[in-house]
Amino acid sequence: MDFQNMLYTIQDGIAVVTFNRPKVLNALNNLTVEELSVIAADLEKNEDVKGVIITGAGEKAFVAGADINELSAMNALEGKAFARKGQKVYTALENLPKPVLAAVNGYALGGGCELAMACHIRIAAENAVFGQPEVNLGIIPGYGGTQRLPRLIGKGPALEIILSGKMISAEEALRLGLVNKVVPADQLMAEAGNLLKTILSRGPLAVRYALDAVHHGLNMSIEEAMDYEATLFGLVCATEDMKEGTKAFLEKRGANFQGK
Ligand code: COA
């Protein structure tokens, strides 16, 4: 697959998706979102892909938001269509039954912060900067930010970020629970790769169902979510991986999971 604004590689089960417009801090124009949507479809169906790392090209930015040149000319209908299109592709990433890590290597602003939040886990470089600066432009977040940020860090802190438009450091993002870990920039990809490899060494179906239980359960009532968890627990009990994992423990050896 050839892309103009994206890099897409797959090696040893790990897909690395890189936003590649460093001259404009990887700002998201229409073509970039279209290319991301093609990649998201491949991430889902490509059996060579077991896990995903999303990052930005260059040393300055993860993604510095939607392309303000394109935004500036939008009318109401175009604005709504623009938001729905971005929401759809981010939700496709969030719904992937494979772990998706954001390796945030610089500015993650607006649609960039929203992209990181659509990922399952976020690792940030020390120089990462987060924010939802849309109000500075007279707009609001439109790629899920008003919904994912309060779900991730709580309503008060989310409203402070969204209403003030202020940028926050990686350390502050860590304190708020917006990111899982902060590491030196030169260790970012290695750290994300190691975490993903650890996850991929576990029972593949267990990882998949655990992701499903957390992700879908969060949108249910606690009673429904508990029942959903119990159903998925029952399903994993029917897998060969479960038999192998428990047997390996009892035999004091490493498990050899087959994803079956
Ligand atoms: N859309 C379009 N172009 C963007 C962009 C965006 N979201 N973010 C950065 N760029 C461009 C700049 O216009 C500049 O282009 P130029 O070299 O042709 O002038 C280039 O990327 C480098 O950015 P610059 O502003 O010079 O870098 P900086 O280090 O001084 O500042 C930021 C970095 C991130 C603070 C600043 O670029 C910024 O505020 N960007 C907009 C962020 C934003 O509001 N995002 C949400 C959009 S909804």
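We number each residue from 1, following the sequence as shown. Ligands are counted one by one from 1 in listed order, and the atoms in each one are counted from 1 as well.
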shortest atom 41 (C) of ligand 1-to-protein heavy-atom contact is with Ile68 CD1, 3.8 Å
Least distance between heavy atoms, Lys85 atom then Glu34 atom: NZ-OE2, 2.8 Å
Please check atom 1 (N) of ligand 1 for a protein heavy-atom neighbour under 4.0 Å. yes
Heavy-atom protein contact below 4.0 Å for atom 28 (P) of ligand 1: yes
Number the atoms of ligand 1 from 1 as they appear, then name those within less than 4.0 Å of a heavy atom of Ala66, with their elements. 1 (N), 6 (C), 7 (N), 47 (C)
What are the two closest heavy atoms between Met74 and Phe82, and how far apart are they? CE-CD1, 3.3 Å
Considering only the protein, which heavy-atom contact is closest to atom 38 (C) of ligand 1, and what is its distance? Leu109 CD1, 4.7 Å
Identity and distance of the protein heavy atom lying nearest atom 21 (O) of ligand 1: Val24 CA, 3.2 Å
Before you tell me yes or no, could you show the steps for Ser221 and Glu224 under side-chain hydrogen bond (donor to acceptor under 3.5 Å, both in side chains), namely the whole-Å CA-CA distance, both residues' side-chain angles and the distance that decides it to 0.1 Å? CA-CA 5 Å; Ser221 70; Glu224 287 170 320; 3.2 Å; yes
Report the part of Pro133 (side chain from C-beta onward, or backbone N, CA, C, O) that has a heavy atom under 4.0 Å from ligand 1; answer both or neither where that applies. side chain
If you count the atoms of ligand 1 from 1 in the order shown, which ones are under 4.0 Å from a heavy atom of Leu71? 48 (S)
Looking only at heavy atoms, which two atoms of Met242 and Val236 are closest? And how far apart? CB-O, 3.2 Å
Closer than 4.0 Å: a protein non-hydrogen atom to atom 48 (S) of ligand 1: yes
Tell me which protein heavy atom sits closest to atom 31 (O) of ligand 1, plus the residue, atom name and distance to 0.1 Å. Tyr107 OH, 4.4 Å
Within reach of ligand 1, part of Met167 (heavy-atom separation under 4.0 Å): side chain
Looking at atom 8 (N) of ligand 1, tell me if a protein heavy atom falls under 4.0 Å from it. yes
Could you walk me through whether Arg175 and Ser169 pass the side-chain hydrogen bond (donor to acceptor under 3.5 Å, both in side chains) test, one step at a time? CA-CA 10 Å; Arg175 194 185 63 76; Ser169 67; over 6 Å; no
Is Lys247 salt-bridged to Glu240, going by a charged N under 4.0 Å from an acidic O? no
Starting from atom 20 (C) of ligand 1, which protein heavy atom do you reach first, and at what distance in Å? Lys23 O, 3.3 Å
Using non-hydrogen atoms of the residue, decide whether Gln132 is closer than 4.0 angstrom to ligand 1. no
When you measure from atom 14 (C) of ligand 1 to the protein, is at least one non-hydrogen atom found at a distance under 4.0 Å? no
Between Tyr228 and Tyr209, does the ring centre distance come in under 6.0 Å? no
Look only at the side chain of Glu114 and the backbone of Gly111, and say whether a donor-acceptor pair between them is shorter than 3.5 Å. yes
Smallest separation among heavy atoms of Thr55 and Ala103, with atom names: OG1-O, 2.9 Å
At a 4.0 Å threshold, what atoms of ligand 1 neighbour a non-hydrogen atom of Lys60? 27 (O), 28 (P), 29 (O)
Report the C-alpha separation of Arg253 and Glu244 in whole Å, then their side-chain angles, then the decisive distance to 0.1 Å, and conclude whether the salt bridge (Lys or Arg N to Asp or Glu O under 4.0 Å) test is met. CA-CA 10 Å; Arg253 61 172 174 83; Glu244 166 61 10; 2.8 Å; yes
Quick one, Arg151 and Asn219 - any side-chain contact, counting heavy atoms below 4.5 Å? yes
Tell me which one of Asn29, Asn20, Asn26 satisfies side-chain hydrogen bond (donor to acceptor under 3.5 Å, both in side chains) with Asn5. Asn29
Note the single closest protein heavy atom to atom 45 (N) of ligand 1, along with its residue, its atom name and the distance in Å. Ala64 O, 3.0 Å
Considering only the protein, which heavy-atom contact is closest to atom 24 (P) of ligand 1, and what is its distance? Leu25 CD1, 4.6 Å
Given the protein's heavy atoms, is any one of them under 4.0 Å from atom 33 (C) of ligand 1? yes
